[in-house]
Protein chains: 2
Amino acid sequence: MRHSGTTLTDVARAAGVSLSTASLAFSGAGPISDATRDKVLAAAAELGYHGPNPVAASLRRGRSGVVGIVMGAAVRRAFRDPVSIQFLDGIVATLAAQGYGTLLLSTPEAQELPDALLTHGAMDAAVLTAGALTSRRTLAALRARGVPMVQLGGTGRHGPAVRARDKQGMKLLGEHLRERGHERVAVATLPWHVEPRSGPVDLASARRATSPITARRLDGLREAGIEPVAAWECSASLVEEGIAAGKELLAARPTALVGFTDLIAAGLLLAARDAGLAVPADVAVAGFDGVDLPWLGEVRLTTAVQPTADIGRLAAEAAVTLAEGGTARSVTVDVELRLGTTT
Amino acid sequence: MRHSGTTLTDVARAAGVSLSTASLAFSGAGPISDATRDKVLAAAAELGYHGPNPVAASLRRGRSGVVGIVMGAAVRRAFRDPVSIQFLDGIVATLAAQGYGTLLLSTPEAQELPDALLTHGAMDAAVLTAGALTSRRTLAALRARGVPMVQLGGTGRHGPAVRARDKQGMKLLGEHLRERGHERVAVATLPWHVEPRSGPVDLASARRATSPITARRLDGLREAGIEPVAAWECSASLVEEGIAAGKELLAARPTALVGFTDLIAAGLLLAARDAGLAVPADVAVAGFDGVDLPWLGEVRLTTAVQPTADIGRLAAEAAVTLAEGGTARSVTVDVELRLGTTT
DNA sequence: CACGGGCCGCGAATCGATTCGACGACCGCC
DNA sequence: GGCGGTCGTCGAATCGATTCGCGGCCCGTG
C-alpha cells in the first residue's frame with residue numbers, strides 16, 4: 001500500500017476527463033457513455049493502474065468489504081482443532097464467494113499491547129469464535145465502532161448466534177446407547193471451566209460446568225437418562241487426551257465410552273483396543289462432531305454430526321447481512337445421529 | 001465501519017484541544033504533555049471513542065497493518081491439508097505477535113468477477129501460498145499496487161521465497177531406505193501437473209512433473225539412487241488416496257512404500273496392514289512432512305520432517321520486513337529425517 | 001423555431017485521520 | 001531586564017477516492 005504512484009487523478013488527466021468521471025468508469029455507479037469508459041480504462045491500462053485504492057474507497061464508502069474473525073488468544077488452538085477449521089473453512093469460502101475478504105484477528109497475549117483490532121480493524125462485521133473468551137476490551141471496541149457481531153456457538157449476547165443443538169445431539173446419542181442396553185456409560189468431556197485441565201471429574205459433587213458446550217452436552221446425556229459411572233475431563237479435543245482418558249475410564253468397567261468430540265472418542269477407541277477390548281463387542285464407543293477419521297480404517301465411529309460447513313456458511317451469511325445493514329436472527333442447527341460400527 | 005458517530009474531531013472539541021493534538025494523544029508520535037494527553041483520553045472515554053478509525057489512518061499513513069495471504073482458488077484445499085494449516089498457523093501467530101492482521105484472500109472461481117483483491121486488498125505485503133497457482137491477474141494487480149510478495153514454497157520469481165529443502169529430505173529418506181537394503185521401492189506421489197488426478201504413473205515414459213514439489217521430491221529419491229519400481233499419483237494429500245495407492249502399489253511387491261506426504265504414507269500403511277502385511281517386517285513405509293498422527297498408536301512413521309512452524313514464521317517475518325520497507329532474501333530450510341518404527 | 005427532457009460529464013464537498021512547519025509561552029542565563 | 005532556546009500546541013495540507021447536484025448539449029416534439 002505504499003504510494004503506488006499512479007492514482008485515479010493521474011488516470012483522469014491522462015484520459016482527459018474529470019476525476020469524478022474516471023471514478024464512475026471504475027465503479028459503474030452512475031451514467032457514463034461506453035466511449036468515455038473505454039477511454040478511461042485505456043488510459044488506466046496505459047499507466048498500469050489496476051483499480052481504485054481500496055483504502056481510500058473504504059474510507060469514503062464507509063465499508064471495507066472485510067469481515068473479521070475474532071479468535072481471541074486461541075489462534076493456535078483454533079488451527080489445531082478440525083471442527084474450528086471446518087467452521088473457518090465454511091466461513092472463508094462463503095465470504096469469498098460473496099466478495100468479502102476475511103481478516104483473522106487474535107487478541108495479543110500481552111494485555112496492554114495495542115490491540116490489533118483497534119489498530120487495523122477495518123471490518124464491516126465480525127464473527128466471534130466460540131473458543132475465544134474474547135476480552136472485554138475487544139468487545140467494547142467492536143461495539144463502540146459499531147461493528148455488528150455474529151457469534152459462533154455462543155450465547156447470542158453480543159449478536160445473533162449460530163450454534164448446533166448440542167444437547168439434542170447428545171440426547172440422541174444417549175438414547176441410542178440406552179436402546180442398545182448400555183447402563184454403565186463413562187464419559188470423556190471437554191474442559192469444564194475457562195482454565196482447561198486433564199483429570200477425573202466427580203460428577204456427584206461437581207458444580208455445573210461453566211463452559212457452555214460441556215454443560216449442554218452433559219445435559220443431553222442426562223436427558224437421555226444416562227448418569228455416567230465415571231467422567232474424565234480432557235483439556236482439549238485431542239486424540240492423545242482421549243487415549244489418556246480411556247485408560248482411566250476403563251477402570252470403571254463401562255459398557256460404553258462417550259467422547260465429547262470425535263478426536264477424544266477416537267482416543268477412547270484406541271485405548272480400548274490397547275486394553276485388549278473389542279469394539280463394540282466388549283465396549284461401545286461414541287463421539288460428537290462428525291469429523292472425518294479415515295485412519296480408523298473400516299471402523300466408522302458412531303457420532304452426533306454437527307453440520308460444520310453449514311454452521312460456517314450461516315455465520316458468514318449472517319455477517320454479510322449485518323455488514324450490509326440488514327438484521328439477522330440467531331440460528332440453531334440440528335445435530336444428527338450417525339450410526340457407525342462402534343456401538 | 002458504518003459511521004460510528006464520534007470522530008477524533010469530536011474528541012478534540014470535547015477536550016478543548018486541536019485535532020492535531022488529539023491525534024498526538026493517541027498515536028504518541030510527537031511531543032505532548034501528560035496533562036493534555038489525559039484530558040484527551042478522558043474526553044474520548046466520555047464519548048465512547050475507542051481510538052482512531054483504522055481506515056482513515058491507513059489512508060493517511062499509506063500502510064494498513066495487514067498482510068494478505070493469497071490462497072488462489074484453493075481455499076478449501078488449504079483448510080483440509082494439515083501442512084498448509086500449520087503454515088497458516090505459523091504465519092498468523094507471527095503476524096499477530098508483530099501487531100499485524102491477516103487477510104485471507106482467495107481468487108474467486110468465476111474469472112470475471114471483481115477480484116476480492118482489487119476491491120479490498122488493503123495490505124502492506126502478501127504471502128503467496130504454494131498450492132495457489134495464483135492467477136496472472138492477481139499477480140499483476142499486486143505488482144501494480146506495489147504490494148511486496150513472499151512466496152511459500154515457490155520459485156521466488158515474484159519475491160523472496162521460503163521453502164523446505166524437499167529434494168534433500170527425500171534424498172535422506174531414500175538413503176535411509178537403501179541402507180536398510182530396500183531395492184524395490186514404490187512411491188505414491190502428489191499430483192504431477194496442474195490438473196490433479198489419481199492413477200498409475202509410468203516413470204519410464206513420464207515427462208518431468210510440472211508441479212515443483214512433486215518434481216523435487218522425486219529428484220531427491222533418485223539422487224539417493226532409488227528408481228521406484230512402481231508409482232501412483234495421488235490427487236491430494238489424503239489418507240484415502242494413500243489407501244487407494246497402497247492397494248495398487250502392493251501389486252508390484254515392493255519392500256518399501258514411500259508416500260509424498262505423511263497422510264498418503266499413513267494410507268499406505270493402512271493398506272499394507274489390510275493386505276495382511278506387517279510393517280516394517282514385510283514392507284517398510286515412509287512419509288514426508290512430519291505431521292502429528294497420534295492415531296497411529298504406538299507406531300511412529302518414519303518421515304522427512306519439514307519445520308512447518310518455522311516456515312510459517314519465516315514467511316511472516318519476511319512479509320513484515322517487506323511491509324516496512326526493508327528487503328528480504330529467499331530462505332530454504334532444512335528437512336530432517338525422523339526415524340520411526342515403520343522402516 | 002423554441003422549449004422540455006435525457007444523458008453525461010464536471011466541481012466540489014467529504015470520509016477521518018496524520019504530519020510538519022510555524023508560533024506562542026515560559027524558562028534560564030547573562 | 002532582555003534574549004535565545006525548548007517544549008507544546010495549532011493550522012493547514014494531504015492521503016485517494018466517492019457521490020451528488022448542477023449544467024451543457026443534443027434531440028424530439030409542438
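Throughout, a chain's letter reflects where its sequence line sits, starting with A, and its residues are numbered from 1.
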> Centres of the B:Y49 and B:F26 rings: under 6.0 Å?
Replying inline: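 Yes, they do, as the ring centres are separated by less than 6.0 Å.
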
Select one nucleotide: of [options], the one nearest the side-chain heavy atoms of [X].
X: B:T21; options: C:dT14, C:dG16, D:dT9; answer: D:dT9
X: A:A56; options: C:dC10, D:dA17, C:dA17; answer: D:dA17
X: B:A57; options: D:dA17, C:dT18, C:dT19; answer: C:dT18
X: B:L19; options: C:dC8, D:dA17, C:dA17; answer: C:dA17
X: A:R61; options: D:dA17, D:dT19, C:dT19; answer: D:dT19

What nucleic acid atoms does [X] come within less than 4.0 Å of, heavy atoms only: base, sugar-phosphate, or nothing?
X: B:S20; value: base
X: A:S23; value: base
X: B:F26; value: nothing
X: A:I32; value: sugar-phosphate

Examine the side chains of [X] and [Y] and answer whether a donor and an acceptor come within less than 3.5 Å of each other.
X: A:T36; Y: A:S33; value: yes
X: B:T332; Y: B:R163; value: yes
X: A:H158; Y: A:R143; value: yes

Would you say [X] reaches [N]'s phosphate, i.e. side-chain N/O to OP1/OP2 under 4.0 Å?
X: A:S18; N: C:dC10; result: yes
X: B:S33; N: D:dT9; result: yes
X: A:Y49; N: D:dG16; result: no

> How many angstroms lie between CD in A:Q86 and CG in A:D310, if you round to the nearest 0.5 Å?
Replying inline: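 Result: 11.0 Å between the selected atoms.
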
Could you tell me the separation between the [atom1] atom of [X] and the [atom2] atom of [N], rounded to a whole number of Å?
X: A:R13; N: C:dC10; atom1: CZ; atom2: P; result: 14 Å
X: B:N53; N: C:dA17; atom1: CG; atom2: C1'; result: 7 Å
X: A:R37; N: C:dG9; atom1: CZ; atom2: C1'; result: 14 Å
X: B:L24; N: D:dA12; atom1: CG; atom2: P; result: 17 Å
X: A:L59; N: C:dT14; atom1: CG; atom2: C1'; result: 9 Å
X: A:R63; N: C:dC15; atom1: CZ; atom2: P; result: 18 Å
X: A:D34; N: C:dG9; atom1: CG; atom2: P; result: 10 Å
X: A:R145; N: C:dC15; atom1: CZ; atom2: P; result: 17 Å

